[in-house]
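All remarks here apply to the structure that follows.
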Amino acid sequence: MELIWNLCEILFIEVAPAGPLLLLLLDWVRLHVCEVDSILADVLGSENPSKHESFWDSVTRLVLQGRLDEARQMLSKEADASPTSAGMCRILGDLMRTMPVLSPGNTQTLTELELKWQHWHEECERHLQDGTFVSSPHLESLCKIMLGDEAALLEQKNLLSNWYHFLVTRLLYSHPTVKPIDLHFYAQSSLDLFLGAKSRPEPLDNILMAAFEFDIHQVIKECSIAFSNWWFVAHLTDLLDHCKLLQSHNLYFGSNMREFLLLEYASGLFSHHSLWQLGVDYFDYCPELGRVSLELHIERIPLSTEQKALKVLRICEQRQMTEQVRSICKILAMKAVRNNRLGSALSWSIRAKDAAFATLVSDRFLMDYCERGCFSDLDLIDNLGPAMMLSDRLTFLGKYREFHRLYGDKRFVDAASLLLSLMTSQIAPRSFWMTLLTDALPLLEQKQVIFSAEQTYELLRCLEDLTSGRPEQGEPDQQLQDDDIEATKVEMLRLSLARNLARAIIKEGSLEGS
Amino acid sequence: MEEIYAKFVSQKISKTRWRPVPSGSLQPAETFATGSWDNEENRVLLWSTGDLGNLDSDGGFEGDHQLLCGIRHHGDVMDLQFFDQERIVAASSTGCVTVFLHHPNNQTLSVSQQWTTAHFHTGPGSPSCSTAPCTGVVCNSPEIVTVGEDGRINLFRVDHKEAVRTIDNADSSTLHAVTFLRTPEILTVNSIGQLKIWDFRQQGNEPSQILSLTGDRVPLHCVDRHPNQQHVVATGGQDGMLSIWDVRQGTMPVSLLKAHEAEMWEVHFHPSNPDHLFTCSEDGSLWHWDASTDVPEKSSLFHQGGRNSTFLSHSISNQANVHQSLISSWLSTDPGRDRIEITSLLPNRTLSVNSLDVLGPCLVCGTDSEAIYVTRQLFS
């Protein structure tokens with residue numbers, strides 16, 4: 001992958017012109033074909049380097065990679081070791097030293113370089129013709145390589161190990177000033193020569209060929225097919241898009257290709273159990289469809305713990321995705337209610353500012369109270385604080401609990417007025433009025449008069465509202481039974497209210513003093 | 001603080017803890033444990049940062065942390081504590097609490113004890129025993145206290161198979177963290193913004209004290225007690241607010257400090273230098289709060305890439321007269337006098353910093369961007 005990436009960098013992004021192109025390609029090959037270093041270390045580390053079995057191998061590899069200085073040093077060792085070939089080594093070394101290369105800061109033009117190189121080439125040729133290296137086959141083949149002789153290069157197939165190395169070496173020694181547009185001719189012929197007629201090109205070869213042909217879209221297409229995930233193509237396309245290279249090619253889905261690939265990649269990330277956090281950032285950078293995709297994906301992340309849920313919610317809140325926050329909180333709150341964690345459910349509905357759910361939770365509390373006669377989770381209800389305002393039902397719950405507290409503290413007058421206000425202000429659910437009225441009973445029966453006449457009239461009115469609005473429904477038997485209990489309650493209430501009214505009127509009628 | 005070393009470990013780190021140094025030892029902490037989360041297979045790993053190899057200027061290898069050993073862990077690691085030199089207690093998202101034992105001679109970890117149903121949900125809608133994540137663990141040898149999303153508090157003793165004491169339904173919401181106040185007392189924080197103190201000497205299932213803010217009930221995520229003054233407690237909340245409480249007095253926090261922009265995951269007082277406090281947060285930053293009052297040396301706390309800012313603390317205290325000589329700098333109510341210096345320790349913002357731990361001059365933290373940061377020269 002790095003191979004392809006670096007090649008794309010050289011060809012598409014740096015857009016190297018004729019001279020430096022070769023140098024960059026040489027660097028590329030040196031970076032990626034690096035067995036030579038380990039072999040070299042072996043050879044140099046041994047006692048007698050020039051007698052090492054891989055000596056000539058390593059020298060050849062160095063020459064193939066264009067590392068002529070190092071090759072010269074190796075040759076000097078050979079010269080020291082065997083005086084007979086010293087002369088030849090020296091000559092070859094000189095040739096290596098004088099090979100003209102384009103140095104980065106040099107101001108010589110390409111034509112100059114071309115001339116010098118031609119001159120040097122002819123000199124090498126002359127030495128070969130003169131038979132200077134006849135007595136040493138190794139040195140002779142080295143010279144041939146330096147002349148760019150294809151046959152000689154092909155002989156070293158196993159040292160070259162792949163066709164792009166062959167290509168670069170061939171260019172180095174036969175066309176050092178190759179122009180970018182000519183590159184693919186040489187690439188194609190190198191591929192054919194190297195592979196021979198038998199073997200078919202592999203996907204990697206196709207990708208590299210497409211790169212040499214400067215066909216960006218083909219490269220991307222081939223990579224998409226060859227690689228198992230979208231990581232490479234997404235990042236490569238993004239890089240090319242930032243260099244504004246994709247617009248120059250007109251494909252019918254133009255600049256959206258980058259976004260398409262990024263979306264694919266990010267979606268892939270979301271299906272991973274832990275990389276979804278990275279996917280979020282990728283979606284952020286897709287201007288058109290990113291947000292929508294994120295909204296869809298983020299709701300579907302499995303939430304196993306509250307901590308994970310909190311992280312997901314934070315991501316949503318940072319991007320103002322209130323709908324998603326709501327739906328996630330609702331899911332969590334429902335789970336909490338099912339697990340009997342009413343406090344958690346309430347805190348989730350507060351976070352989502354979900355009044356409807358808060359009402360649900362309060363109804364649950366009230367139901368518990370009706371069934372058991374006492375409140376569960378007093379710590380929660382007592383300490384609701386400003387969250388009480390979230391929903392009417394919740395406020396009612398808080399106030400009702402306060403009523404109980406006041407009653408417990410024996411502050412009956414306050415309790416009474418609170419109870420009355422609960423009923424008259426309409427925040428008590430209808431179904432609960434009976435319970436409230438029943439709660440009023442002990443207050444009505446107290447020795448001292450607690451409810452004033454006005455308040456008693458109010459209570460009477462509420463009772464009338466309640467009893468008159470009772471619809472006839474349900475099974476007759478059940479209804480009869482319920483009715484019995486209801487009827488008794490109502491009777492008792494009416495009796496108490498009447499008595500209280502009497503006492504209140506008397507009390508208010510007889511004012512002390514004036 | 002000079003160098004901070006990062007290492008990418010290809011798993012999201014949820015907790016990091018230093019191994020306690022033997023008392024009386026002068027060496028800085030060397031070994032730390034990490035727990036991972038959100039992987040299909042989570043691991044508890046033990047690392048060493050000792051000066052391995054050469055001490056010369058060999059660049060990156062000095063101070064780099066090396067993996068010693070690891071063991072598979074079922075479920076996310078929700079909390080991690082060192083029980084003693086060799087044992088680590090881990091709380092899992094499956095509701096299980098495990099004690100791991102480290103064998104130093106062959107550098108392996110093994111499971112020494114496990115309580116698999118420490119935390120579970122029971123309710124009308126849930127199946128008979130559905131698991132609940134265990135969110136917090138604190139140890140005080142030989143006791144281990146755990147709290148979880150089921151609102152339950154468990155008191156375990158090592159080598160006892162069953163829990164010594166369980167308080168069911170201690171809270172109707174999730175308990176996020178727990179710490180010891182004095183030995184028989186613990187303090188828990190929950191997701192409706194309350195601190196509750198429980199006394200294990202009492203038989204009932206009610207907390208002995210409840211403290212909370214009167215404003216918005218913001219969930220509290222972490223808590224730590226001042227190492228010397230057992231009544232001073234710091235908590236971090238979901239809105240990134242740091243609160244300092246005095247549990248003896250009143251039910252309100254002593255000071256509220258606006259800190260991070262997102263949930264604060266951990267807060268720690270420095271165990272030997274309690275004027276220093278450290279917090280880490282979902283917004284990817286780790287802050288060092290310095291409340292020590294010697295001002296001239298503070299200007300030398302510069303380092304590469306960090307923000308250096310001075311804050312005035314906002315105090316909302318309802319005690320008018322507090323005895324000045326006993327007060328720690330955190331409880332001080334004079335905004336003009338004490339200036340807390342806050343430094344951000346991580347060089348660049350990353351994903352959430354989930355956990356941190358300090359011991360002596362060493363600090364370790366773990367993040368969601370799969371990196372562990374260590375520094376061993378915190379106060380240089």
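Basis for what follows: all heavy atoms, side chains included, without hydrogens, waters or symmetry-related copies. Just so it is clear, the model here is predicted, and its values are computed rather than measured. Chain letters run A, B, ... following the sequence lines, proteins first and then strands; every chain starts at 1.
Counting heavy-atom pairs under 4.5 Å between each of B:H221, B:Q194, B:E206 and chain A puts B:Q194 at the top. By number of non-hydrogen pairs under 4.5 angstrom with chain A, the leading residue of B:A262, B:P207, B:S173, B:A132 is B:S173. Per-residue heavy-atom pair counts under 4.5 Å with chain A were compared for B:D171, B:T135, B:I210, B:T94, and the maximum is reached by B:D171.
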Query raised in the report: Between A:L310 and B:E282, does a side chain to side chain contact (heavy atoms under 4.5 Å, CB included) hold up when you go through it step by step?
Result: CA-CA 10 Å; A:L310 287 170; B:E282 174 76 21; over 6 Å; no
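Only the backbone of B:E261 comes within less than 4.5 Å of a heavy atom of chain A; no side-chain atom from C-beta onward does. Contacts of B:N354 with chain A are made by side-chain atoms alone, with heavy-atom separations under 4.5 Å and no backbone atom involved. For B:N39, the parts lying under 4.5 angstrom from a heavy atom of chain A are both the backbone and the side chain. Contact annotation for A:K311: both backbone and side-chain heavy atoms come within less than 4.5 Å of a heavy atom of chain B. With a 4.5 Å cut-off on non-hydrogen atoms, B:P133 touches chain A through its side chain but not through its backbone.
Note that CG of A:L278 and CD of B:E370 are 7.0 Å apart. Values are rounded to the nearest 0.5 Å. Once rounded to the nearest 0.5 Å, the distance linking CG of B:D283 with CZ of A:R314 reads 8.5 Å. Taking CG of A:N339 as the reference point, atom CZ of B:F120 lies at 12.0 Å (rounded to 0.5 Å). To the nearest 0.5 angstrom, B:L351 atom CG is 5.5 Å from A:Q277 atom CD.
Between B:T174 and A:S344, the side chains place a donor N or O and an acceptor N or O closer than 3.5 Å (distance only, hydrogens not considered).
Salt-bridge annotation for A:R341 and B:D150: absent, with no side-chain N of the basic residue lying under 4.0 Å from a carboxylate O of the acidic one.
At most 12 non-hydrogen atoms from other residues, nucleotides or ligands lie less than 6.0 angstrom from NE2 of B:H74. Within 6.0 Å of the CD atom in B:E41, the count of heavy atoms belonging to other residues, nucleotides or ligands exceeds 12. Within a 6.0 Å sphere centred on CD of A:E323, heavy atoms belonging to other residues, nucleotides or ligands number 12 at most.
In terms of heavy atoms, B:H176 sits closest to A:E306 at CE1-OE1, 3.8 Å. What you find for B:T122 and A:N340 is that their closest heavy atoms are O-CB, 3.9 Å.
Listed in order of number, the residues of residues 346-358 of chain A that approach chain B to under 4.5 Å between heavy atoms are A:S347, A:R351.
Between B:D38 and the options A:H272, A:K308, A:Q307, a side chain to side chain donor-acceptor pair (under 3.5 Å) holds for only A:K308.
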